Amino acid sequence: MSDHNTTEQATPQLTAKMRSGLRRALSDKVQILLFLFSVSLINAAGADTYLVQLPRDNSAIAQSYYHDLLAELVNDGNEIKTIERPVTQGRSLQLLDSGQLTVAWSGTSIVREKEFRPIRVPMYLGLLGGRVPVIRKNDVARFRSITDEQTLQDMVACQGDQWPDSDILEHNQYRVERVALYESMFKMLQAGRCDYFPRSIIEVHGELSDPGRSDLMAYEGLLLSYPFPMYYFMSYQQEAKASDLERKLYEYATSGKLLTFMKTHPTSRETFPLTRFKDSTIFYLHNPDLPTDTPISDTALWLMPGQATNEELQAQQLFSRQR
């Protein structure tokens, strides 16, 4: 009797355990299915979504140029999203291989192109390498008297500590005061701790609109010019997407649409007309870190300060020392 009761009591206990195990197994399977489903949604969305960085600070108006240009190229049903936190340029490139960013932008270098897939169309048609000296307004006569490169080389240029521009200037025998902070360079120039601050003709007008820099000016009588293309970069794991973006940007540039975009975008429009530089003295510098695959010979991708308006897309040898 007791054996029969024990069996009757064990049966519901065993059944309860089985039911509990079954529920756990089903729960695990459901969670796995939900996870796989979510991954498939992410992958599907990723095919049409370009993840890009936020501006590092509110004054980085140039960031809008890269966002707006990308929108011109991928506006056929694709979506551009910004990640939640701003990152440095170096960090943005590192995030490409992890998939946290789809596209980043940077000046190119040999090492950079080994690590990341360049979209080899200069986003500013090469004008990033056109550098105008920002000087103190009371130094105009001093700079106006410069007739040879050696005089400028003997002066002290403020430049970023980690900027490739500093390496390029030093390689070409220019004296450089390397500075860690961007804002500090303007302050050092104002304080007389350096003689000039070379800035891209694309960037300089927005930078000098700051009321705290009213004692400074861009002296357009002198220019430094070196090949320093600004590219979009992607992961080499995204070759199909990168090739598509490169094709679209190349067509956009060679059709003249990129030039029109530059002439109308708030970041770059004050650079034009380039004929304002036709009487400037231009010193051509060699960039030792320029990758050999840079499309220097494709003259439709490069502008030269001083070109006549109706010749802006015609063949010209922009960087004579680079050959």
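We're numbering straight along the sequence, starting at 1. Keep in mind that this is a model prediction, so the values were computed, not measured.
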State, with a plain yes or no, whether a side-chain heavy atom of Val179 is found less than 4.5 Å away from one of Phe197. no
Calculate, to the nearest 0.5 Å, the distance between atoms CG and CD belonging to Leu128 and Glu203 respectively. 5.5 Å
Picking from Thr267, Leu127, Thr271, what satisfies side-chain contact (heavy atoms from CB on, under 4.5 Å) with Met262? Leu127
Testing the basics here: between Met230 and Tyr124, what is the closest heavy-atom pair and its distance to 0.1 Å? CB-CD1, 4.2 Å
Does any part of the side chain of Tyr66, heavy atoms only, come nearer than 4.5 Å to the side chain of Val52, both counted from C-beta? no
Any donor and acceptor pair, going by atom type alone, linking the side chain of Asn172 with main-chain N or O of His286 inside 3.5 Å? yes
For the pair Val204 and Glu220, evaluate side chain to side chain contact (heavy atoms under 4.5 Å, CB included) and give the outcome as yes or no after the intermediate values. CA-CA 11 Å; Val204 69; Glu220 296 183 350; 5.9 Å; no
So, for Val121 and Ala253, which heavy atoms are closest and what is the spacing to 0.1 Å? CG1-CB, 3.9 Å
Glu207/Arg213 salt bridge by N-O under 4.0 Å criterion: no
Which is it for Tyr174 and Glu149 under the side chain to side chain contact (heavy atoms under 4.5 Å, CB included) test, yes or no, and what are the steps along the way? CA-CA 9 Å; Tyr174 282 77; Glu149 187 175 17; 2.7 Å; yes
Taking the six-membered ring for Trp, are Tyr182 and Phe186 parallel (under 30°), tilted (30 to 60°) or perpendicular (over 60°)? perpendicular
Tell me, please, which residues at least two apart from Asp154 pass side-chain contact (heavy atoms from CB on, under 4.5 Å). Gln150
Any idea how Trp105 and His67 line up, ring-wise: parallel (<30°), tilted (30 to 60°), or perpendicular (>60°)? perpendicular
On a heavy-atom basis, the closest approach of Pro227 and Leu285 is CD-O, 3.9 Å
Could you tell me which residues satisfy side chain to side chain donor-acceptor pair (under 3.5 Å) with Asp293, sequence neighbours excluded, listed by chain and number? none
Tell me if a side-chain donor or acceptor on Asp289 pairs with a main-chain N or O of Ser109 at a distance below 3.5 Å. no
Are Val176 and Val156 connected in a single hydrophobic cluster, I mean Ile/Leu/Val/Met/Phe/Trp/Tyr linked by side-chain heavy atoms less than 4.5 Å apart? no
Taking Ser268 for its side chain and Ile202 for its backbone only, find out whether a donor-acceptor pair lies under 3.5 Å. no
Backbone N or O of Arg142 within a donor-acceptor pair of the Asp139 side chain at under 3.5 Å? no
Could you check whether any side-chain N or O of Ser166 sits under 3.5 Å from a backbone N or O of Gly160, counting only pairs where one atom can act as donor and the other as acceptor? yes
With a 4.5 Å cut-off on side-chain heavy atoms, are Arg269 and Thr264 touching? no
So does Ser214 get a backbone contact from the side chain of Lys137, meaning a donor-acceptor N/O pair under 3.5 Å? yes
Looking at OH of Tyr196 and OH of Tyr219, how far apart are the two atoms once the value is rounded to the nearest 0.5 Å? 14.0 Å
Quiz question: by atom type and distance under 3.5 Å, do the side chains of Thr102 and Gln238 form a donor-acceptor pair? no
Using the ring pair (Phe, Tyr, Trp, His ring centres under 6.0 Å) criterion, which residues pair with Phe261? Sequence neighbours excluded. Tyr65, His265
Any heavy-atom pair between the side chains of Pro229 and Leu290 that's under 4.5 Å? yes
Determine, using the 4.5 Å side-chain heavy-atom cutoff (strictly less than), whether Val140 and Leu216 are members of one ILVMFWY cluster. yes
Where do Asp215 and Arg136 land on the side chain to side chain contact (heavy atoms under 4.5 Å, CB included) test, with the steps shown first? CA-CA 6 Å; Asp215 57 332; Arg136 295 177 291 274; 5.5 Å; no
So Ile83 and Leu95, do their side chains get closer than 4.5 Å, heavy atoms only? yes
Taking only residues two or more places apart in sequence, or in another chain, which ones meet Ser235 in a side chain to side chain donor-acceptor pair (under 3.5 Å)? Asp97
Look at the side chain of Thr151 and the backbone N and O of Thr147, then say whether any donor-acceptor pair between them is shorter than 3.5 Å. no
Pairs meeting criterion salt bridge (Lys or Arg N to Asp or Glu O under 4.0 Å) with involvement of residues 170-181, two or more places apart: Asp167-Arg178, Glu170-Arg178
Test your reading of the model: is there a side-chain donor-acceptor pair from Thr275 to the backbone of Lys278, 3.5 Å cut-off? no
Looking only at side-chain N and O atoms, does Tyr226 offer a donor or acceptor that is under 3.5 Å from a partner on Asp165? yes
As an exercise, state the distance from CH2 of Trp163 to CD1 of Ile168, rounded to the nearest 0.5 Å. 12.0 Å
What's the spacing between Leu259 CG and Thr254 OG1 if we round to 0.5 Å? 12.0 Å
Whether the Glu246 and Tyr232 side chains hold a donor-acceptor pair (N or O, under 3.5 Å, no angle test) is what I'd like checked. no
State whether Arg247 and Asp244 are salt-bridged, where the test is any N-O pair (Lys NZ or Arg NE/NH1/NH2 against Asp/Glu carboxylate O) under 4.0 Å. yes
Which value, rounded to the nearest 0.5 Å, describes the distance between Phe277 atom CZ and Leu274 atom CG? 7.0 Å
State, to 0.1 Å, how close Ala157 and Cys194 come at their nearest heavy-atom pair, and which atoms those are. C-CB, 4.4 Å
Applying side chain to side chain contact (heavy atoms under 4.5 Å, CB included) to Val134 and Leu189, what does each step give before you reach the verdict? CA-CA 9 Å; Val134 173; Leu189 177 60; 3.8 Å; yes
Ignoring hydrogens, what is the shortest heavy-atom contact between Ser92 and Gln53? Give both atom names and the distance. CB-OE1, 3.1 Å
Evaluate the side-chain proximity of Thr294 to Tyr231: yes if any heavy-atom separation is below 4.5 Å, no if none is. yes
Same apolar cluster: Val132 and Ile282, side chain cutoff 4.5 Å: yes
Gap separating the CG atom of Leu101 from the NZ atom of Lys81, nearest 0.5 angstrom: 13.5 Å
Non-neighbouring partners of Ser98 that pass side chain to side chain donor-acceptor pair (under 3.5 Å), sequence neighbours left out: Gln100
Answer whether the closest heavy-atom distance between the side chains of Lys187 and Cys158 falls below 4.5 Å. no
Test item: Arg112 side-chain N/O and Gly107 main-chain N/O as donor-acceptor pair under 3.5 Å: yes
Side-chain heavy-atom pair Met155, Phe143 within 4.5 angstrom cut-off: yes
In short, His205 meets Ile201 closest at the heavy-atom pair CD2-O, 3.7 Å
